[in-house]
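All values below come from the heavy atoms of this structure, side chains included, with hydrogens, waters and symmetry mates left out.
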Amino acid sequence: MKITVKAKPLARETYVKKLDESSFEVAVKEPPVGGRANAAIVEAVAEYLRIPRIRVKIISGWTSRQKILEIPA
């Protein structure tokens, strides 16, 4: 399954908001430096979906706010 994520780094709070079936808005407190925000986004999505974070992978958008994540079925 692939999902689209709109990332919001340096937010006041961490949250995951489902926009539609395959689109999410994810806010994290970490800055977009050294992959810290990306790691926090993966962790937040995994926690939201209640799966191990090792199963969530960013396949597109490492340096963009629009990301595509892949979650194996």
Side-chain angles (χ1 to χ4, degrees):
M1 169 172 73
K2 292 182 183 177
I3 62 170
T4 304
V5 170
K6 180 178 180 185
K8 293 190 169 190
L10 292 174
R12 291 178 191 241
E13 62 181 334
T14 299
Y15 66 85
V16 177
K17 183 164 71 170
K18 188 172 185 177
L19 303 175
D20 63 37
E21 197 59 38
S22 64
S23 297
F24 293 84
E25 179 178 281
V26 181
V28 293
K29 294 179 180 180
E30 285 74 10
V33 176
R36 289 172 41 192
N38 284 335
I41 288 167
V42 166
E43 188 170 336
V45 169
E47 186 176 310
Y48 179 82
L49 296 174
R50 296 182 180 164
I51 59 173
R53 73 172 181 254
I54 193 91
R55 294 186 59 204
V56 180
K57 296 186 189 326
I58 298 174
I59 59 172
S60 176
W62 279 95
T63 59
S64 171
R65 288 183 188 249
Q66 294 291 345
K67 301 180 186 304
I68 299 175
L69 278 62
E70 183 174 45
I71 301 155

Check your understanding: Linking I/L/V/M/F/W/Y whenever any side-chain heavy atoms sit under 4.5 Å apart, do W62 and V26 land together?
Key -> yes
Point to revise | Considering all heavy atoms, the nearest A40-E30 contact | key: CB-OE1, 3.3 Å
Check your understanding: Taking atom CG of L19 and atom NZ of K6, what is their separation to the nearest 0.5 Å?
Key -> 8.5 Å
Review point. If you draw a 6.0 Å radius around CD in Q66, do more than 12 non-hydrogen atoms from other residues or ligands fall strictly inside?
Key: yes
Exercise for review: Verify the neighbour count for atom CZ of R53: are there more than 12 heavy atoms of other residues, nucleotides or ligands below 6.0 Å?
Suggested key: no
Review point. Can you check whether S23 reaches I3 side chain to side chain, under 4.5 Å on heavy atoms?
Key: no
Check your understanding: Can L69 and K67 be said to form a side-chain contact (heavy atoms from CB on, under 4.5 Å), step by step?
Key -> CA-CA 6 Å; L69 278 62; K67 301 180 186 304; 3.9 Å; yes
Check your understanding: With the 4.5 Å side-chain cut-off for hydrophobic clustering, are Y15 and V45 part of the same group?
Key -> no
**Study point:** More than 12 heavy atoms from other groups under 6.0 Å of CD on E70
**Key:** yes
**Study point:** Contact summary for T14 and K29, nearest pair of heavy atoms
**Key:** OG1-N, 3.6 Å
Revision key, fill the gap. Closest heavy-atom pair, A44 versus V16, reported as atoms and distance to 0.1 Å, is O-CG2, 3.7 Å
Point to revise | Salt bridge K8-E25, side-chain N to carboxylate O under 4.0 Å | key: yes
Practice item. Check whether any side-chain heavy atom of K57 lies under 4.5 Å from a side-chain heavy atom of P72, and answer yes or no. Key: no
Review point. Closest approach of K2 and I59, non-hydrogen atoms and distance?
Key: CE-CD1, 3.7 Å
Check your understanding: Between L10 and I41, is there a shared hydrophobic cluster once you connect ILVMFWY residues whose side-chain heavy atoms come closer than 4.5 Å?
Key -> no
Exercise for review: Give the minimum heavy-atom separation between V28 and A37, together with the two atoms involved.
Suggested key: CG2-O, 4.1 Å
Exercise for review: If you link ILVMFWY side chains whenever their heavy atoms are less than 4.5 Å apart, which other residues fall into the same cluster as V33? By chain and number, please.
Suggested key: none
**Study point:** All ring-ring contact (aromatic ring centres under 6.0 Å, His included) counterparts of Y48, not counting sequence neighbours
**Key:** F24
**Study point:** With sequence neighbours excluded, residues passing side-chain contact (heavy atoms from CB on, under 4.5 Å) with S60
**Key:** I68
Revision key, fill the gap. Here the pair of heavy atoms bringing R36 nearest to P31 is NH2-CD, 3.5 Å
**Study point:** Interatomic distance, N38 atom CG to T63 atom OG1 [nearest 0.5 angstrom]
**Key:** 8.5 Å
